[in-house]
Structure formats: structure tokens, C-alpha cells
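Structure first, then comments.
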Protein chains: 2
Amino acid sequence: MRKSFLFIDTITNKVDAKGRVSLPSDYRAILKELSTEIVCYRSLTAPCIEGCTEELLDKLAAEMENSMDFFSQEQDDLTNLIFGDAKRFPFDSTGRINLSEKLMKHAGITDTAVFVGKGRKFQIWNPENWAKEEARIRAEVLKKRPVLNKSAEAVHD
Amino acid sequence: MRKSFLFIDTITNKVDAKGRVSLPSDYRAILKELSTEIVCYRSLTAPCIEGCTEELLDKLAAEMENSMDFFSQEQDDLTNLIFGDAKRFPFDSTGRINLSEKLMKHAGITDTAVFVGKGRKFQIWNPENWAKEEARIRAEVLKKRPVLNKSAEAVHD
DNA sequence: TTACAGGTTATGGTATAACATGGGATTTTA
DNA sequence: TAAAATCCCATGTTATACCATAACCTGTAA
């Protein structure tokens, strides 16, 4: 039986001249029994790197394989985009991975990386970009709050 | 021992005068326990070579015989085209395969080959053609993003 | 609260192994 | 018998594994 796991918390680590970063120890602890590597790719929607287990990608591959849509153009495009961009990043006994040039450039990361937990996935950001993004998200939530309160009142009436 | 069998990442390798190319080591690692050869054929829809394990073709054949009318006549023909075109390419101890003239010509490959992971399959492209294709796909997929299926969104959110 | 000790994690540097690639020898095929 | 495919060895380059030290965090006791 597979135990569930979550990437949570936000951790800032340094990136050295070779592009090495320590994966947060909490993240490693989660993977310890599963593997010693994670999969990373460029986010489609944000200037950041996304990471997940290979298991998650494999699930996607299995679904596509079984969809009988062997010759669909749309599926073809999608698989190219996802699997072509993803790459395995093994980490050694000290827990570091080697970020590629492509990923660092996409996220604007030079000497510092911020790891942000997202449940089954996590993201890696440039510190300034993450600060802005977090502020944006918080503002977004606040804007919607009055609406949420209204529905709450409806419940209490 | 690896549990999943995913071709991922994009790797560029040189093709020497004899038509030899190194299969990316990650791709070889996947096959290590299964075999020392890969199956390649001309893509039906794009100017590139497609590669996969013989196992995948076998699965396709099994699906055809078990669900006679699941595939349309057209897809049936397409599948037969693939079987007719496919050929086994063994790789030696250094991990190289010998691309055939037919395949190289179809993909416009001369001295450089780009391997693009597609999950259970991969593609081999001429570098310039792949650059164009990747740009096209990114634009296309972003346009259709709201329509993407659930599993894809689970990976790319 | 402060200071300290012990264990864990992060980071810098270096030795080692793996890989891609070129060249040539040997075998197979037409 | 020539041409082509396969195999084997050598080498430069790059990425990986390993070790050492520094920073950090946690708990305990003054």
C-alpha cells in the first residue's frame, strides 16, 4: 500500500556556481523510500520550475497509453511538451541536485532558489519573483473574501 | 531496478559519418533489463523518426486483435503502415545505433540528432525542425489549455 | 532568557566514474 | 571481393559521488 505524502512549506537555499542546490530535507525524507531522484520541468504558466515524482508522470503516460488515441494529433503535442521537457534530477548522499541551464533561465534563478510546497508537486522560484507572486495570490484571495462571507451568512440565516 | 519506463528529456547527440548515434544513456537505462535494442520507424505525421520498445508495438498488436472494430479502418491502415516500416536497432556496448538511410532522409538528419522523450515513445529530429516544432506546440497547447484533460492538468498546474 | 552541547542540514572543494565520440579491427552481407 | 555493419579500444569532457567543514536547529540546563 502506498503511503501518501505532501510537499509543504517554503524553504530558501543557495545555488552554487555549478548550479547545485540542496533539496529541502523534508522533501527528501518524503522520497527516501520511493527513490533518490525527482523530476523537474518548466512551468507552463509561471516563470518557475516545477518538480514532482516520476510516479506522477508515469500515471499520465499510462492513461495516454490506454486511451486508444494512439494517432491523435492533440495527444501527440501534449506528450511532446510534457515528457520532452521533464528531466530526472538524482540527488546524492548530501541531498543536492544539479539544476540545468534551461530551467534556471526559465525561472530567472542565479544564486538563490525558493522551494514552495504544492502538495503532490512543488515549485522552485527566484526569491523576488516568488515574493511578488505570493503578494499577488494573497491579494486575489482577499478580493474574493466578501463573496465568501456572503455565502457564509446564507448558511447562518 | 526501475519501476516505470518513461522516455523523457531532450538530448542532442552527434551522428558520425557512418550514421552512428549514441542513444541517450537514460533511454538505455530504461531498456537495460528488457533488451539491447530499440524499434524505430518513420513518423506518419511529422518529419521525424519515432522509437519505442518492441513491447509497445506488441501491445498495439494485441489491442488490434482483441477489439476488431474499436479502431476505424483508417487507424487499422495506419497501424499496418507502422508495422511495415518498423525495424529493430540493436545498440552495442558503447550504446550506439546505426540509423538507416531511409530514416535519416525522412527526418532530414545529417550530422546531429535530437532525441525527444514522449513517455512510452520518443522521437528523433533534425535540430532546426525540432526548434520550429517545439515553438508550434507551445503556442498550440497554450491556446487549448482549458480543454486539456484532468491528468494533464494534474501535472501542469 | 541565555548559553551550551549534540545532532542535523547546507555548502564548498575535489577525486572519481560515466558518457559521448573518434578511430580502427573484425565480422557479416550482397 | 568490396561494402557495410558490428565490435572493441582510446580519449577528452562532463557530470556524479564522496569527504570536510561550516551553519543551523533543537532541546536542556543554568
Side-chain angles (χ1 to χ4, degrees), chain A residues 7-32 35-40 49 51 54 86-105 109-117 122 124-127, chain B residues 2 7-33 35-40 49 51 86-105 109-117 122 124-127 130:
Chain A
F7 296 111
I8 58 173
D9 204 0
T10 298
I11 278 109
T12 302
N13 280 341
K14 281 194 180 172
V15 182
D16 71 14
K18 303 176 195 167
R20 294 188 297 185
V21 217
S22 287
L23 203 65
S25 62
D26 276 6
Y27 292 14
R28 270 144 46 198
I30 286 169
L31 301 170
K32 195 144 284 179
S35 73
T36 59
E37 62 184 23
I38 51 156
V39 172
C40 291
I49 303 165
E54 184 166 344
K87 180 169 159 55
R88 295 183 189 90
F89 290 88
F91 48 88
D92 59 21
S93 54
T94 65
R96 280 184 292 193
I97 57 172
N98 247 341
L99 290 178
S100 67
E101 266 303 315
K102 185 177 77 174
L103 291 181
M104 302 228 300
K105 190 179 167 194
I109 291 172
T110 54
D111 59 352
T112 310
V114 181
F115 292 79
V116 184
F122 60 89
I124 312 176
W125 286 79
N126 160 299
Chain B
R2 187 186 295 281
F7 296 108
I8 61 175
D9 204 0
T10 298
I11 279 118
T12 302
N13 280 342
K14 283 192 180 173
V15 182
D16 70 14
K18 304 178 192 172
R20 294 184 299 182
V21 216
S22 287
L23 203 63
S25 63
D26 270 11
Y27 292 14
R28 270 146 44 199
I30 287 169
L31 303 168
K32 196 149 285 177
E33 296 105 22
S35 71
T36 58
E37 63 184 22
I38 199 85
V39 172
C40 291
I49 303 166
K87 179 169 156 52
R88 295 184 190 89
F89 289 87
F91 49 87
D92 60 21
S93 55
T94 64
R96 281 185 288 197
I97 57 173
N98 249 336
L99 291 178
S100 68
E101 264 305 315
K102 185 177 75 175
L103 291 181
M104 302 231 298
K105 190 180 168 194
I109 292 172
T110 54
D111 60 352
T112 310
V114 181
F115 293 78
V116 183
F122 62 90
I124 313 176
W125 286 78
N126 160 299
W130 169 242

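Proteins come first, then strands; the chains are lettered A, B, ... in the order of their sequence lines, and each starts at number 1.
Judged by atom type and distance alone, B:K14 does not reach the base of D:dT13 through any side-chain donor-acceptor pair under 3.5 Å.
Taking every side-chain heavy atom of A:R20 into account, D:dA17 is the closest of C:dG24, C:dT21, D:dA17. Distances from the side chain of A:R96 to the nucleotides C:dG22, D:dA17, C:dG12 place C:dG12 closest.
At whole-Å resolution of the value, CZ in B:F89 and C1' in D:dA5 are 12 Å apart. Residue B:D111 contributes atom CG, which lies 15 Å from atom C1' of C:dA20 at whole-angstrom precision. The distance from atom CZ of A:R88 to atom P of D:dA15 is 17 Å, rounded to the nearest whole Å. In this structure, A:N13 atom CG and C:dT11 atom C1' are separated by 10 Å, rounded to whole Å. Taking atom NZ of B:K18 as the reference point, atom P of C:dT27 lies 16 Å away to the nearest angstrom. Taking atom CD1 of B:I97 as the reference point, atom P of D:dA5 lies 13 Å away to the nearest angstrom. The separation between A:D26 atom CG and C:dT8 atom C1' is 12 Å, rounded to whole Å. Between the CD atom of A:E101 and the C1' atom of D:dA15 there is a distance of 14 Å, rounded to whole Å.
Across all their heavy atoms, B:M104 and B:V15 have their closest contact at SD-CG1, 4.2 Å. Residues A:T112 and A:P127 come closest through the heavy atom pair O-CD, 3.6 Å. Closest approach of A:R96 and A:S22 over heavy atoms only: CG-OG, 3.4 Å. Shown here for A:K18 and A:D16, the closest heavy-atom pair between the two residues is N-OD1, 2.9 Å.
Summary of helix geometry: the two end axes of the helix from C:dT1-D:dA30 to C:dA30-D:dT1, each defined by five base pairs via their C1' atoms, are inclined to each other by 30° (rounded to 10°).
In this structure, A:T94 reaches the bases: a heavy-atom distance under 4.0 Å links it to at least one base atom across the strands shown. Within the nucleic acid shown, A:S25 comes within 4.0 Å of sugar-phosphate atoms alone, with no base atom in reach, counting heavy atoms only. At a threshold of 4.0 angstrom between heavy atoms, the contacts of B:D16 are confined to the sugar-phosphate backbone, with no base atom among them.
At least one side-chain heavy atom of A:R28 sits less than 4.5 Å from a side-chain heavy atom of A:F91. Using a 4.5 Å heavy-atom cutoff, the side chains of A:T10 and A:F115 are not in contact.
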Please step through salt bridge (Lys or Arg N to Asp or Glu O under 4.0 Å) for the pair A:R88 and B:D26, ending with a clear verdict.
CA-CA 9 Å; A:R88 295 183 189 90; B:D26 270 11; 3.5 Å; yes

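Along DNA chain C, the nucleotide nearest to A:G95 and the one nearest to B:I11 differ in position, and the one closer to the 5' end is contacted by A:G95.
Applying the 4.0 Å criterion to OP1 and OP2 of C:dA10, one finds that A:R28 has a side-chain N or O inside that range. A close approach under 4.0 Å does occur between a side-chain nitrogen or oxygen of B:N98 and OP1 or OP2 of D:dT6.
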